[in-house]
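Report on the following structure.
Residue indices begin at 1 and follow the sequence shown.
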Amino acid sequence: MSLTKYLFCKKLGNRSDARNKMAAFEHVTFDGALQIECMSSEESEVEEDTATGTRTTFFRIRGFPWRSIRLQRFFDALDEEDKADNTQRPRRGVGRRERVPGPAKDGILVPPKGVASWMISKRWMQMMEGSHAEIVGMVKEIVMDSAGMEVGGLGEESEQEWTV
């Protein structure tokens, strides 16, 4: 298994474990978010301070342009739960590297089958309607919404989210 795939699986496992500890996220609609295809990448970068000669290594996080604000809030809640849980564990090595948000991944990247419509950005869907109309039809076929599901704990629906 490649290091990248290992890191994706570890991140997914950590988020899944955190979700199992949070009753607010036990509904099946959240299952669609916990797929490797929904995980953002973390690219290692090095910054050099020319004045001091020090080098800092950090991870640049690159998410998917199709992800909605509420989906990001869901991931943030899981990551916070995992972080709180990790403070209780003994540490090995030098610790976690700093993670810095970066630009979204490049290209036409489609959500995986099984995501719910609240997980998809309205802005992204509008961009696809204007430039790649065939993508909109594909997305409508892969979305799996649960009847009567409320995700109010993640904030109100924004203009950035799309509904079928």
Step by step, work out the side chain to side chain contact (heavy atoms under 4.5 Å, CB included) result for Phe59 and Glu45.
-> CA-CA 6 Å; Phe59 286 123; Glu45 291 190 22; over 6 Å; no
Quick check: do [X] and [Y] have side-chain heavy atoms less than 4.5 Å from each other?
X      : Y      : value
Trp124 : Met128 : yes
Ser44  : Thr57  : yes
Met119 : Pro111 : no

Nearest-0.5 Å distance that lies between atom [atom1] in [X] and atom [atom2] in [Y]:
X      : Y      : atom1 : atom2 : answer
Glu81  : Asn14  : CD    : CG    : 11.5 Å
Met138 : Ile108 : CE    : CD1   : 10.5 Å
Leu71  : Cys38  : CG    : SG    : 6.5 Å
Gln126 : Glu129 : CD    : CD    : 6.5 Å

Looking at every heavy atom in both [X] and [Y], which two are closest together, and how far apart are they?
X      : Y      : value
Pro65  : Ser121 : O-CB, 4.1 Å
Ala104 : Phe64  : CB-C, 4.4 Å
Ser117 : Val143 : N-CG1, 3.5 Å
Trp66  : Glu37  : CZ2-O, 4.2 Å
Ile36  : Cys9   : CD1-SG, 3.6 Å
Phe30  : Leu154 : CE2-CD1, 3.9 Å

Pairing residues for Thr52 by the side-chain hydrogen bond (donor to acceptor under 3.5 Å, both in side chains) criterion, not counting sequence neighbours |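 Scan of Thr52 (side-chain hydrogen bond (donor to acceptor under 3.5 Å, both in side chains), adjacent residues dropped) gives Asp49, Thr54.
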Salt-bridge present (Asp31, Arg19; N to O < 4.0 Å) = yes
Salt-bridge present (Arg62, Glu43; N to O < 4.0 Å) = yes
Hits for salt bridge (Lys or Arg N to Asp or Glu O under 4.0 Å) against Asp79, two or more places apart or cross-chain, chain-then-number order -> Arg15
Give a yes or no on whether Leu109 and Ile120 share a hydrophobic cluster (residues Ile, Leu, Val, Met, Phe, Trp, Tyr; joining criterion: side-chain heavy atoms under 4.5 Å apart).
-> yes
Cluster check Val110, Leu34: I/L/V/M/F/W/Y, side chain < 4.5 angstrom |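 As far as the 4.5 Å side-chain criterion goes, Leu34 and Val110 are connected within one cluster.
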Verify side chain to side chain contact (heavy atoms under 4.5 Å, CB included) between Met125 and Ile135, making sure each step is shown before the conclusion.
-> CA-CA 9 Å; Met125 285 297 289; Ile135 300 273; over 6 Å; no
CD/Glu134: more than 12 non-hydrogen atoms of other groups inside 6.0 Å |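 Enclosed: over 12 neighbouring heavy atoms sit under 6.0 Å from CD of Glu134.
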Is it true that atom NZ of Lys10 has more than 12 heavy atoms of other residues, nucleotides or ligands lying nearer than 6.0 Å?
->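 Not buried by this count: 12 neighbours or fewer within 6.0 Å.
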Keeping the roles fixed (side chain from His27, backbone from Thr29), state whether a donor-acceptor pair exists under 3.5 Å.
->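 Looks like yes, one N/O pair under 3.5 Å.
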Side-chain donor/acceptor of Ser131 to backbone N/O of Met127, under 3.5 Å | yes
Looking at Gln72, Lys11, Arg60, which hits side chain to side chain donor-acceptor pair (under 3.5 Å) with Ser40?
-> Lys11
List the steps, then state whether side chain to side chain contact (heavy atoms under 4.5 Å, CB included) holds for Phe25 with Asn20.
-> CA-CA 8 Å; Phe25 301 133; Asn20 290 336; over 6 Å; no
List the steps, then state whether side chain to side chain contact (heavy atoms under 4.5 Å, CB included) holds for Glu80 with Asp76.
-> CA-CA 6 Å; Glu80 283 299 314; Asp76 290 346; 5.5 Å; no
